[in-house]
There are 2 protein chains.
Amino acid sequence: MRDRRISESTIHRLSHYYRALTALEREHFDTVSSKELANREELTPAQVRKDLSFFGSFGTRGLGYPVKELKERIARILGIDRFWNVALIGVGNIGSALVSYKEFARQGFNIKLLFDNDQRKIGSNHKGITVLGMDDLERQLNENKIELVILAVPASSAQVIVDHVVNCGIKAILNFAPIKLAVPDDVFLRTENMSMELEYLSFSLVNNLPRKSDRKKT
Amino acid sequence: MRDRRISESTIHRLSHYYRALTALEREHFDTVSSKELANREELTPAQVRKDLSFFGSFGTRGLGYPVKELKERIARILGIDRFWNVALIGVGNIGSALVSYKEFARQGFNIKLLFDNDQRKIGSNHKGITVLGMDDLERQLNENKIELVILAVPASSAQVIVDHVVNCGIKAILNFAPIKLAVPDDVFLRTENMSMELEYLSFSLVNNLPRKSDRKKT
DNA sequence: CTATTTTCGTGAAACGTTTCACAACTTGTA
DNA sequence: TACAAGTTGTGAAACGTTTCACGAAAATAG
């Protein structure tokens, strides 16, 4: 074992492989070559092999990779071979869309609790979940063993709320507010900035950037 | 300055600079140093300078960069110094959230048209926009001079619909379906995969991945 | 059984990006 | 004017990622 650090891009590509393998399984393929896997996600065979070899070799020379085993293995690496209890804070436009977003549930992310600090929303019901007030946050997160929090609040209140969430002991946060949030070093924070990709498109249009691929790097 | 190709990461960082500069302008700063700009978006001063120098030098040695000019310049580079006519296809959970997403409008992306192929949704109203049927797509896109399409349809129908959109002459598409779409080389396509960041978080939690700031050498 | 084909796994090479380090320039002070 | 402090712009070095190329292994055909 040489350099034991895994890059962000590799992890993101694992998500792609997982997606492709799910399709391959549905199509009843037993094995898949690095070439086929690469084609499906617009990568190169060498990159697929490098990525997968990072976690040990489970391909068979002359044949390829076993679809089912590889899929399970990647699920385990990504931590989606289990269920995650998720709380969602902010039941506005984005928030209420995310409650119903089936892809999350499909990957094992179960939104168990909803929070908002708008009195008019507290007590209301979304997909069978009752919206709670923020004062109850810590007790509810603990009692429901929440490990992951999705933040869909306005940028203006995001930092205050993320501080509160961090104080409750949460170690992983997905932020949808278009703002840079500060968290302690032991908390994992990822920010989903939906305008950024639109800006990338407008940049491409005005600069006539020749296309390389559809994939994101960071 | 020899290599004339701009990297995807640089473009994404421009979005970050733009965001920071918007805040700095609001805080009435006239100039900003690469150091300050870097701090605000958790980058390094050298990287900020390299990125900005790529588009010509507009900083002043000893002083920094002029906030207002730099912001305008980046807006021009990103193509957000103007308005874009946008159509949104698929008025489901995600789609209807995006109609109300203020950040888009703030950056000049005006959602002008809504489409869906569900008879029950056609004719309904979202934020003052009437949902149209898909058979009217080409005429409506042309008449309204739509340059950019956001796709918020189920993965199962995404490819068919993107083909239709491409046939209408659209050259830039933002896809929210968690699937790899095929488009001709002259069409810009970006895919927003919201599960991917959740998967990254679950990976981080199960692998206790040290954050970048932890690995920085002192 | 042997030859041919397929495909993996991986060190090395190529390529790309970030950081370093410093000359050059601007501002401010006296 | 002279000098100190601050900051850019940029080659060069360091670092990181992707691609190449090929040996090894397995499958397949004859």
Side-chain angles (χ1 to χ4, degrees), chain A residues 1-14 16-17 20-21 24 29-67 69-70 73-74 209-210 212-213 215-218, chain B residues 1-14 16-17 21 24 29-67 69-70 73-74 209-213 215-218:
Chain A
M1 286 191 195
R2 311 156 313 280
D3 184 8
R4 291 278 84 205
R5 185 167 310 121
I6 181 171
S7 77
E8 179 164 322
S9 336
T10 302
I11 302 169
H12 276 151
R13 281 197 299 271
L14 289 183
H16 286 287
Y17 300 144
L21 288 163
L24 285 159
F29 284 89
D30 284 337
T31 59
V32 63
S33 66
S34 57
K35 194 174 156 204
E36 170 66 14
L37 207 42
N39 280 345
R40 297 216 173 198
E41 296 294 331
E42 274 181 21
L43 303 163
T44 66
Q47 191 160 53
V48 172
R49 294 200 299 275
K50 256 275 150 69
D51 283 343
L52 298 181
S53 75
F54 194 94
F55 302 98
S57 66
F58 29 67
T60 307
R61 291 175 177 181
L63 190 60
Y65 299 89
V67 170
E69 279 98 312
L70 184 56
R73 185 91 181 242
I74 289 177
L209 184 82
K212 244 196 309 192
S213 78
R215 85 192 124 87
K216 281 199 281 191
K217 190 181 170 191
T218 326
Chain B
M1 204 189 293
R2 301 229 302 292
D3 187 6
R4 290 275 82 208
R5 258 205 24 260
I6 180 171
S7 76
E8 180 166 318
S9 336
T10 301
I11 301 168
H12 276 151
R13 281 195 300 270
L14 289 183
H16 286 286
Y17 300 146
L21 288 163
L24 284 160
F29 283 89
D30 285 338
T31 59
V32 62
S33 66
S34 57
K35 195 174 155 201
E36 169 66 13
L37 207 43
N39 281 344
R40 296 217 174 198
E41 295 294 332
E42 275 181 21
L43 303 164
T44 66
Q47 191 160 51
V48 172
R49 293 202 298 277
K50 256 277 150 69
D51 284 343
L52 298 182
S53 76
F54 195 94
F55 302 99
S57 66
F58 28 70
T60 307
R61 291 173 179 190
L63 191 60
Y65 299 89
V67 171
E69 278 99 314
L70 184 55
R73 185 90 181 243
I74 289 177
L209 184 82
R211 283 207 321 162
K212 229 192 182 111
S213 51
R215 315 191 216 115
K216 265 187 197 155
K217 44 192 170 210
T218 319

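Everything numeric here is computed off the predicted structure, so don't read it as measured data. Just so we're on the same page: letters track the sequence lines, and every chain starts at 1.
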Footprint string (nucleotides 22-30 of chain C, 5' to 3'): B base within contact, S backbone only, - free, heavy atoms under 4.0 Å | --BBB----
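Atom CG of A:Asp51 and atom CZ of A:Arg49 lie 11.5 Å apart (nearest 0.5 Å). Note that CG of B:Leu63 and CZ of B:Arg61 are 13.0 Å apart. Values are rounded to the nearest 0.5 Å. The distance from the CZ atom of A:Arg40 to the CG atom of A:Leu24 is 4.0 Å, given to the nearest 0.5 Å.
The separation between B:Lys35 atom NZ and D:dG9 atom P is 17 Å, rounded to whole Å. Spacing between atom CG of A:Asp30 and atom P of D:dA27 amounts to 13 Å, rounded to whole angstrom units. Atom CG in B:Asp51 sits about 7 Å away from atom P in C:dT18, given to the nearest Å. The distance from atom CZ of B:Phe55 to atom C1' of D:dT10 is 16 Å, rounded to the nearest whole Å. What separates NE2 of B:His12 from P of C:dT17 is a distance of 14 Å, to the nearest Å. Atoms CG (A:Leu37) and P (C:dG9) sit 12 Å apart, rounded to a whole Å. What separates CD1 of B:Ile6 from P of C:dT18 is a distance of 11 Å, to the nearest Å. C:dC8 atom P lies 14 Å from atom CD of A:Gln47, rounded to whole Å.
Residue A:Ser33 places its side chain closer to C:dC8 than to any other of C:dC8, D:dT8, D:dC20. When distances are taken from the side chain of A:Tyr65 to each of C:dT19, C:dG9, C:dG11, the shortest belongs to C:dG9. Among the nucleotides D:dC20, C:dT18, D:dT18, the one closest to the side chain of A:Ala46 is D:dC20. Of the candidate nucleotides D:dT19, C:dT18, C:dG9, D:dT19 has the atom nearest to the side chain of A:Lys50.
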Verdict with reasoning, A:Ile6 to A:Phe55, per side chain to side chain contact (heavy atoms under 4.5 Å, CB included) | CA-CA 10 Å; A:Ile6 181 171; A:Phe55 302 98; 3.0 Å; yes
Under the side chain to side chain contact (heavy atoms under 4.5 Å, CB included) criterion, do B:Tyr65 and B:Leu21 qualify, and how do the steps go?
-> CA-CA 10 Å; B:Tyr65 299 89; B:Leu21 288 163; over 6 Å; no
Step-by-step side chain to side chain contact (heavy atoms under 4.5 Å, CB included) determination, A:Phe58 to A:Arg73 = CA-CA 9 Å; A:Phe58 29 67; A:Arg73 185 91 181 242; 2.8 Å; yes
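Here B:Thr10 lies out of heavy-atom contact (under 4.0 Å) with every strand.
Contact check, B:Ser57 against D:dT8: no side-chain N or O comes under 4.0 Å of OP1 or OP2. The phosphate of C:dT18 (OP1 or OP2) has no side-chain N or O of B:Thr44 nearer than 4.0 angstrom.
No donor-acceptor pair under 3.5 Å is formed between the side chain of B:Arg13 and the backbone N or O of B:Leu43.
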